[in-house]
Each structure stands twice: as structure tokens, then as C-alpha cells.
Visitor: 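Once you've had a glance at the structure underneath, I'll fire off some questions.
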Amino acid sequence: MEVQESTGRTQIWARPSIPCINLEEHSIVFQQFEIDECIDPHSASRSPMIRMFGLTEGFLPYFYIPAPNGFKSGDVAEFKSNLELVLQQEASSGGRELLNRVEVKFKETIQGFHGKQKCPFLKLSFVDTKTLNVARRIIEDGNFTFKGREVGAITFESNIKYVLRFMIDCKVTGANWIELPPKTYRFCAEFEKYSRCQLEIITSHPPEGDWLKIAPLRILSFDIECAGRKGIFPEAAQDPVIQIANMVTIQGEKNPFIKNVFTLNSCSPIVATDVLEYYNEGNMLQAWCDFVVEADPDVIIGYNIANFDLPYLIDRAYHLKVTRFPYFGRIKGDYMVMQRDHKLRSYTLNSVCAHFLGEQKEDVHHSIITDLHNGNPESRRRLAIYCLKDAYLPQRLMDKLMCLINYLEMARVTGVPFSYLLSRGQQIKVISQLYRKAIEQDFVIPARKNVDGTDEPFEGATVIDPEKGFYNVPIATLDFSSLYPSIMMAHNLCYSTIVDQREIDNLGLKNDSDYIVTPYQSARFVKAEVRKGLLPTILEDLLSARKKAKADLKNETDPFKRAVLDGRQLALKMSANSVYGFTGASAGQMPCLEISASVTAYGRQMIEQTKREVESRFTIENGYTHDAQVIYGDTDSVMVKFGVDNLDDTMKLGQEAAEYVTGKFLRPIKLEFEKVYFPYLLINKKRYAGLYWTNPQKWDKLDTKGIETVRRDNCLLVQNVIETCLRKVLIDRDVSGAVAYAKKTISDLLQNKIDMSQLVITKALSKSDYSAKQPHVELAERMRKRDPGSAPTLGDRVAYVIIKGTKGAAAYEKSEDPIYVLENNIPIDTSYYLENQLSKPLLRIFEPILGDKAESLLIVPTCLGCKVPLTKDAGSVVCRHCKPKLGELYQKQLVTVNDFETRFARLWTQCQRCQGSLHQDILCSSRDCPIWYMRKKAQKDVQDASTVLEKFNCAW
DNA sequence: ATCCAAGGAGGACCAAATATTAAGGGATGA
DNA sequence: AATGATCATCCCTTAATGTTTGGTCCTCCT
């Protein structure tokens, strides 16, 4: 759906598939779903166009500059012609007017509090965005003077995208509904499916009430297969596209209503699928393009399509000279492209991710694709089925994670176009909200000139030193809800409330009653009674919306709607938190250390104060049964050991403490009692596990933080062993069972009984230029040499196992591709897995429970004959195979013991000789004497060897 | 040309610096 | 009696090996 304006008429391009379209007699109501800017391809003037509403005269790009000193309204004309002249010189536009308008507006900068004084600003409107940028540069570089004086150097609101500018000014938010009243639009002749409408009579409905609904969006999911040459990544210039599988689904419906596959060459039929055979690649691409136009999807999704499939298709079409294909290029621009990007990956939590990766593994290896294609209709059918599956998976993934709806909610909440959520970062959302609030109060926002690399990081949050250990009493957890947002609200922190000493003196402001001083370098902010900040207002809106979403969630029973509401409240929470991040992003658009560093400074104070308050109030002296102790805390939470041994009382105390501490802070800062851990295993900062209780009857879950079970850079074996051990210890309270399980696993590992899938380690290949050698980096490099087509690329996770190598070889030399290892029967370095993967995590969790005895965990009985680890057969010292040699081994051991004894005796005598008496015990413990060490070692050798010998005696 | 939320923290590895031990070779003296 | 050859021993250097430390990288926590 698009609107375009040229010569005063606004043209709306609406989709015919939208319901309630009934030509000019009726309203058109539609959900605007994509909005961007481009050059109108159909007008000779190359005017800029917004695809949702296009504007040339009705809405022009503009920015503000402070009016020069002594500027009078009569100076406008002169100013305009002067600036126009400079622009003309710069642009050589052939005389076309570039500066459309200059107006005086009374505004106030958002940066700093200056006594609510509105000052004159010049609003400069340009004919296009390119000119705007030229003008911005000239003014910011100080190259424009008016009446002999340099103008500006600083510009306002010049760095916001045209599209967003338009949406903000017209109060259009992302994915809301737009209404065109009857008889205000007409259809465009050359493209019948599009219509025209005057801008002024468009109604934008805020996403409330009825307008919360979601249009029945069409989603096209597709995947292509290319016939690459052996070992070479397919290149569009040479390698043909051989199949394109497509599915079109209506959002919310279970099954696709179109399911087809375009194949090059014949292909056997597939159930419930249209198989469209082509014998010429160009024809196929053309037909596919026509199909996309016909299907007219709102959303196109696929695995990595934005980075591979789409560019490949366009490239390929260009090389095949498919003349009508460029049309697709235009279409493509009209849709948002959802890519399977990292954001989505972070949504896919460990289990979901593993689940889907598991399915993805069935992907045909690229080297086989060409063979299947060159086979017969049957083999091509097999390929088509894989291709269809690849098209289907993203669809299911999206349904499962409900990203579409979550994103929709996010677009509506923050007011940015839908596609920004995929292609842009967090900042744009805050900017959008900031501008929307600013415009209501005649604030203007300064544009940062050039990102000066002042990358000075500021101090972050405090992490209380943990009292490590295993707690067999309930531990209560108290959290500040939305800590950073509530600090900003409580202290009215905003760009518009910062005030410096000069201004304080000027305006006669009084400390504490008019302004406050924060713990960060004495930054000062005026209080809300003087002026309420924009950021606190934005945060209040977000958090009250979240409160509402959470309340609705409580009353909602339908699982689908519940998920939507949950997605919304999460989106709102995320948005609220990113406001703080926005002020702290030193390379961002509006960093403000006074705000961000004050926020963290307050946070640090608060966590310390909370600890003090709790520990000083909940004491025996004050009538409680125990002295409470804060055993850990990170950023916005404290873990309290009240000392009582039952859940009921702990929860009551937790509740009481939360209320008590909340009373010590400004509204809306609130400390909440959230949960109790019992038992609780605190391993280190940011590493703990515990059984999670919210009611005293039944525990909710096993919660683990930062431990190997939740980390993706460990192999599954480690994850599983740790997870199982934790379950046994924390849930079943069966320590010896956990120990036995760990021992059994180690034994299995050393006997090569562990499935290799359990040993695969994955690490992200995050950059191209590593200084330190690492297993996954080196392997990726080796794989690239072996087969560039399948080697991991930047951003991929590299999977590897550690194989046996020469003694002392570094881990990065022993990493290998798991598939390669399987195919070539390469032995795994099991001792690496024991020593480098399993041992440390195991020791970490058992150490607080078993103390020094934890060490023994890793010692596994081995056969005295062949060193094979023994299973739990109690008492035995040799494996089955060595049983016949038992006597021989015993003899050998006996000799060993004797040798050691002789050696020890010799050293012993030597020491006796040294002290001059052969009849007395040796007292000497001289650390300078080499004999002493040797004697000690010999003594230990004798003991060890004797112990082994003992075992034989037992086994007999 | 366009874009970018933060810091704190643990832990695995690698690599360099250092410390220790073992081995080798030359000087010395018997 | 003086010289030379041989050998054990010492000391030093070198190589190998073990340990600490600093930095990079990944991932997770809030």
C-alpha cells in the first residue's frame, strides 16, 4: 500500500486484497504496514516519495536552527535567499528552488533547563532530503554566515529520517490503521490496484480499542536451491537456480493456502503441492516473479533470504537478462523483509534453538544438490521436498515464537515502522518516542554533529561479593522492579531537567526544593514541580501500559491471546529499559553521561543501602529469631538469609523487608519480594542455582544462572551432567546419588561410551580478525580450505569436537568438524573432555557441598592391567580381559612395592647418617635438603603402591 | 554512507614471562 | 719428575617442563 504525491495530489497505493475496498464510494480502511521513502519511479521530477503517504509539497523535510542573534521576522526573506544561493552553488541544480520555506518558530531546546524560556528558531524546509543534508553540513561546518555572523554550527532535528519525521508529525505509529473517507481518493490509472488520496483527509487511528485488531496478513515463506559446483559457494553469475519452494499463509491460520514449488526440469508430483515445471531457468524466474506479484504478500520470510536468496535471485535474473524481473526489485522494496537475524536467535532459547537446529540438520548437503538435480524426476522430487521443508520451517518458527505479533506490538508501542524493528537497533525506538513527546511541548532536539569517539565508559552497577556456599535454609530474593526506569522517574532525570550552576544562580533555584544533586559528579536536575522531564513521562507511559498488559494477561484464558499480551508486556519492559541504555550509548545519537551515570550511581547507592537496611533491622536485637544476612546481590536484587528454616516464615519476612525498604526510597522506586531459593547453591558472582519457590507448598522450578547448564559454549555432556547433578542435589536432596552419577559418566566417557553428539562444542565466529588462536576459529579456517561452500561464515556458530593429537598439542590444533570426525573415524580426546570440560564445572558445584572430598569425584578406578576405567563392579581391580593375568600383575605390583621400599630405606639411612645416629627417628625437615624431598616422595610412592597391592588382596 | 542500549563478571584459552628441572658440555683436578 | 690420557665431578649453559600472569574472547547477568 502506498501513497505518493506529485504536484499537490497525494497518491495512495493500496492493496486490492484488503477487505472493504469498494472503489470510490466507500471508505478504505487498511492497516498501514510498511512505510518507507524512495524516489518516485514514475515521475520525471524524481521527487521523494513516502510509500505510505508520499509528499512533495504537503510535507517537506525540514530542520531547525537557532535564530541568529537579533534576528527579526523581517529578515526571513533575506535569510532564505542567502541560503538558497549557497545551496545552489553547492548543488548546481539547474535553478530549481531547493530551500522551500523559512519560518520563525518559538521553541526550546531539550538539552538542559533554562527557565522554560521559548526562543526563536528558524524552521528550514527543503525540497528533498538530499538538499537537507547538504544544508545541514554547510551550517554545521560553520560555512554559512548571515549579516556577517556565522549561523548555527548546531542544528536541531536534522538527523531524523524523513519517514519517521512524517509519522511523528502526523501521529502515525507503526502498524496502525489508516482511513480514507469516501470520495477523497481515486484509483491510479496505470496501476489499478493503487489509489490516490489527499493527504489532509487521511485519518490515522491510534492503536486503541477496535483499532487494536490485526489485518489478515499474507505471509510468503520461500526457499531456493542452487546447483553449485563442487566445493564452490554458488555464484549468481554461473550457477543456476533450480528450485523455488513457496508457501503463502494468512497470519493466524494453521495451514498455508498456497503451497507450490517451481522446478527446473521435470519433477514427480508431491501431495498437496503444485509442482510447476519449467525447462528454461529464465522462464521459471519470470513465472516466480509473476507469482509473487499475484500472491501479493505483506511479509516475506525465509532462512537468511535477505542475505542470500533474494540477492541471488536478483543477480541471477540480471545475468539471465530476465527483462521483467527488475520489476521484482521494486516489489521487494515494498515489503519488509524479515530475516532470521540475531534478534530472533536470542528469542529462541536454548531448547527451542536446539530443537529447530535439529530439524535443520536434515538439510541436504550442498554437494548432493547438483546430483539430485541431474538425476531423474524422482530425485528432483526428493530435492523439492527438502526445499519445501526449508520454506516451511521459518513459517513454523515464526508461529511458534509469535515474532510477528510481538513485533507488531512493539511497532505500535514505540511508534516506529515495522521494518525498523528488524533492521534498526534499540535507539530508534527511544528517538521516536522522544520526538513524539517533544513536539507536544515545543521542544526541539539537537542533532549530534559527528560521532566523536569519546568512548569513555562510565561506572556501572555494583555486584555484592557473594558469600559462596551451599545453603540448606531458604534464601529470600528481593528485587527492585524496573530499577533504572524508576530511578529516572523518581529523580526526574531528563535532558530537559539538567541544570548547571550558572542557570541555578540566574534563576535563583534552591537546592532540594527546586533541584537535586545526584551522586555522579554532582550533576543537578530540577525537580518535577519545576518541570517534569520528558524521559520520565515516556517511562510512565510505557510502564503503565505494561501494568495494563499484565493485568489483562491475568484475566485472559485463551493461550494465544495470553502469549500476545505477554509479548506486549515484555516489549514494554524492554523499551523502558532501553531508555536508560539510550542515554548511555556513548556512540549513539544523544548520549548524556549526566543521566546514565547518575542512574547507575543511584543504583549503586541503593543496593548498598538495601543491604544495610535489611541487615540492621532484621536482627535478634530487634526481636527477630536470627540476624539476617545479605549473601549476594547484583544490580537490582539482594538475596537474604533470614536464618529461619521454613518457607512460610521466610516469605513473610521477605515481604516485610520489601515493604520496609521500599518505604526508605522515593516513589515509584519499589523493592519487591519475588521468590525464595531453597536450597540454594551460590558458586560465584553471576553463578548460582537453586530451587525456586513462590508458594510454600510446591516449588516452581530449578533455576540456574550462569552455570554451564545455561551456557551455549559447553558441550551437551557437561550441560547434562551438571543439570542432572543439580537436580539430584537440589530437588531429590541425594548427594551420593549425584556423586555416583558423575562418576558413572566419567567412566563412560573414558570408555568412549558417550555419543559424539554430546561432545560437540559450539562457539560463535564473531569477527574475522582474531588475535588469539582459538579452536573454533582455526577449525573454521581449515574447513574453508577444505570446502568453501559449507564452511562457517561470520556470525555462524562453529561446531567442533576435540580429537586426539600429538602430546601437548594446543586445543586449537585438535579441534575438528564433527561430521568429518564421524566420516573418518577419528578418535576423540576423552581425557580433554574430562580435564578441560567436565572437571572444573563438576568441582565447582560439588566443592561447596562436599568440601575437600570433592576432589575424589574425578578419580575413577581403572583396571590395573590395561588402565581401562572400571564400571561399578565393587572390589575388582582388573577388567574382564586382564582377569587371567591377575597373578602376573600381582607379582609385578609386588616388585614395584619392593623397589620403592628399598629406595626409601636407602634414603632413610642416608638421613640417619646425616643426623649422626642410626637408632633414632629422623627429625630433620630441612627444605634445603634434596634428600628430604626425595625421601618424602619415596615414602608416598611406597604408600600408593601398597594401597594398590591391598586391592589385590581384597579382590582375591 | 549509515549505523550503533549499557557495564560487570566468570571462565576458558592462549601466549608470554617466569621458574624449575633435566640434560648436555666444557673445565677442572685427580 | 714431567707430561698426557682418562675419568669423575662441578658448574654453567641449554633445553624441556611446570607455573604464573596478562590479555582476548565468549557468554551470561541485571
Side-chain angles (χ1 to χ4, degrees), chain A residues 129-130 133 137 159 161 346 349-350 420 423-431 448 450-451 453 455-466 468 477 479-485 573-593 595-597 599-601 603-604 607 632-638 683-688 703-715 718 761-767 769-778 797-798 802 807-815 832 835-837 839-841 844 930 933:
Chain A
T129 52
K130 191 170 158 253
N133 285 324
R137 205 188 62 238
N159 56 350
K161 281 267 176 235
S346 75
L349 295 171
N350 224 346
Y420 277 28
S423 59
R424 310 282 294 265
Q426 299 288 324
Q427 293 206 32
I428 195 72
K429 295 190 268 188
V430 182
I431 291 172
R448 194 165 170 176
N450 37 20
V451 181
D455 251 355
E456 69 181 68
F458 56 96
E459 199 180 340
T462 310
V463 183
I464 296 175
D465 264 338
K468 302 173 199 174
T477 308
D479 287 87
F480 285 107
S481 51
S482 302
L483 177 69
Y484 287 176
K573 185 186 179 177
M574 247 177 80
S575 302
N577 280 332
S578 50
V579 171
Y580 152 75
F582 178 75
T583 64
S586 52
Q589 293 213 16
M590 276 193 88
C592 181
L593 238 59
I595 297 175
S596 54
V599 169
T600 54
R604 287 194 297 279
I607 203 83
Y632 179 54
D634 185 347
T635 310
D636 63 354
S637 64
V638 287
I683 294 168
N684 216 331
K685 283 182 178 179
K686 301 186 194 282
R687 303 203 139 205
Y688 58 82
D703 205 19
T704 55
K705 291 287 160 69
I707 299 180
E708 282 70 14
T709 49
V710 298
R711 295 186 66 89
R712 290 180 299 169
D713 50 354
N714 281 97
C715 65
V718 174
I761 303 165
T762 69
K763 278 199 169 78
L765 197 60
S766 63
K767 50 186 193 175
D769 199 22
Y770 283 92
S771 62
K773 287 183 172 178
Q774 287 181 97
H776 66 291
V777 181
E778 296 290 303
R797 294 189 73 81
V798 184
I802 298 293
K807 190 172 164 290
Y812 64 82
E813 295 171 275
K814 300 198 289 180
S815 58
Y832 172 90
E835 284 163 24
N836 297 58
Q837 295 281 123
S839 75
K840 280 176 188 151
R844 270 197 294 269
Y933 286 101

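In what follows, chains are A, B, ... by sequence order, proteins preceding strands, each numbered from 1.
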Visitor: Both distances under 3.5 Å, Watson-Crick or G-U wobble: report the partner of dC7(C), or none.
Guide: dG29(B)
Visitor: Expressed as a whole number of angstroms, how long is the span from R137(A):CZ to dT2(B):P?
Guide: 12 Å
Visitor: Round to the nearest Å and state the distance from I607(A) atom CD1 to dC29(C) atom C1'.
Guide: 13 Å
Visitor: Starting at atom CD of E778(A), determine the distance to atom C1' of dA15(B), rounded to an integer number of angstrom.
Guide: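 Whole-Å distance recorded here is 13 Å.
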Visitor: Send over the distance from Y812(A) OH to dC26(C) C1', rounded to a whole Å.
Guide: 19 Å
Visitor: If a protein heavy atom is under 4.0 Å from the base, mark B; if only from the sugar-phosphate, S; if neither, -; do that for nucleotides 16-24 of chain C going 5' to 3'.
Guide: --------S
Visitor: Answer yes or no: is there a donor N or O on one side and an acceptor on the other, between the side chain of Y632(A) and the main chain of K686(A), under 3.5 Å?
Guide: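 Pair found, side chain donor or acceptor close to backbone of K686(A).
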Visitor: Is the phosphate of dC13(B), meaning OP1 or OP2, less than 4.0 Å from a side-chain N or O of H776(A)?
Guide: no
Visitor: Taking all atoms of both residues into account, what is the closest heavy-atom pair of T635(A) and A461(A), and its distance?
Guide: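 Between these two residues, the closest heavy atoms are OG1-CB, 3.5 Å.
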Visitor: Using whole Å, report how far CD1 of I761(A) lies from P of dA12(B).
Guide: 12 Å
Visitor: Please examine the side chains of Q427(A) and F582(A), heavy atoms only from C-beta on, and report whether any two atoms are closer than 4.5 Å.
Guide: yes
Visitor: Given atom NZ of K161(A) and atom P of dA1(B), what is their separation to the nearest angstrom?
Guide: 12 Å
Visitor: side-chain contact (heavy atoms from CB on, under 4.5 Å) between E708(A) and Q837(A): does it pass, once the steps are laid out?
Guide: CA-CA 10 Å; E708(A) 282 70 14; Q837(A) 295 281 123; over 6 Å; no
Visitor: Go ahead and name the base partner of dG23(C); Watson-Crick or wobble counts if both distances stay under 3.5 Å, otherwise write none.
Guide: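 dG23(C) is paired, partner dC13(B).
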Visitor: Determine the interatomic distance between C1' on dT28(B) and the same-named atom on dG4(C); round to the nearest Å.
Guide: 15 Å
Visitor: Collect all protein-nucleotide pairs involving nucleotides 5-11 of chain B in which both atoms are nitrogen or oxygen and the distance is under 3.5 Å.
Guide:
{"residue": "dA5(B)", "atom": "OP1", "partner": "Q426(A)", "partner atom": "N", "Å": "3.4"}
{"residue": "dA5(B)", "atom": "OP2", "partner": "Q426(A)", "partner atom": "N", "Å": "3.3"}
{"residue": "dA5(B)", "atom": "OP2", "partner": "Q427(A)", "partner atom": "N", "Å": "3.4"}
{"residue": "dG7(B)", "atom": "O3'", "partner": "G460(A)", "partner atom": "N", "Å": "2.9"}
{"residue": "dG8(B)", "atom": "OP1", "partner": "G460(A)", "partner atom": "N", "Å": "3.2"}
{"residue": "dA9(B)", "atom": "OP1", "partner": "K685(A)", "partner atom": "NZ", "Å": "3.2"}
{"residue": "dG10(B)", "atom": "N2", "partner": "R711(A)", "partner atom": "NH2", "Å": "3.0"}
{"residue": "dG11(B)", "atom": "OP1", "partner": "R844(A)", "partner atom": "NE", "Å": "3.4"}
{"residue": "dG11(B)", "atom": "OP2", "partner": "N684(A)", "partner atom": "ND2", "Å": "3.2"}

Visitor: Just call it for Y632(A): base, sugar-phosphate, or nothing, with non-hydrogen atoms closer than 4.0 Å on any strand.
Guide: nothing
Visitor: Measure the distance from NZ on K773(A) to P on dC26(C) and round it to the nearest whole Å.
Guide: 17 Å
Visitor: How many whole angstroms separate atom CG of N159(A) from atom C1' of dT2(B)?
Guide: 12 Å
Visitor: Quick one: do K763(A) and V798(A) satisfy side-chain contact (heavy atoms from CB on, under 4.5 Å)? Show the steps, please.
Guide: CA-CA 5 Å; K763(A) 278 199 169 78; V798(A) 184; 5.7 Å; no
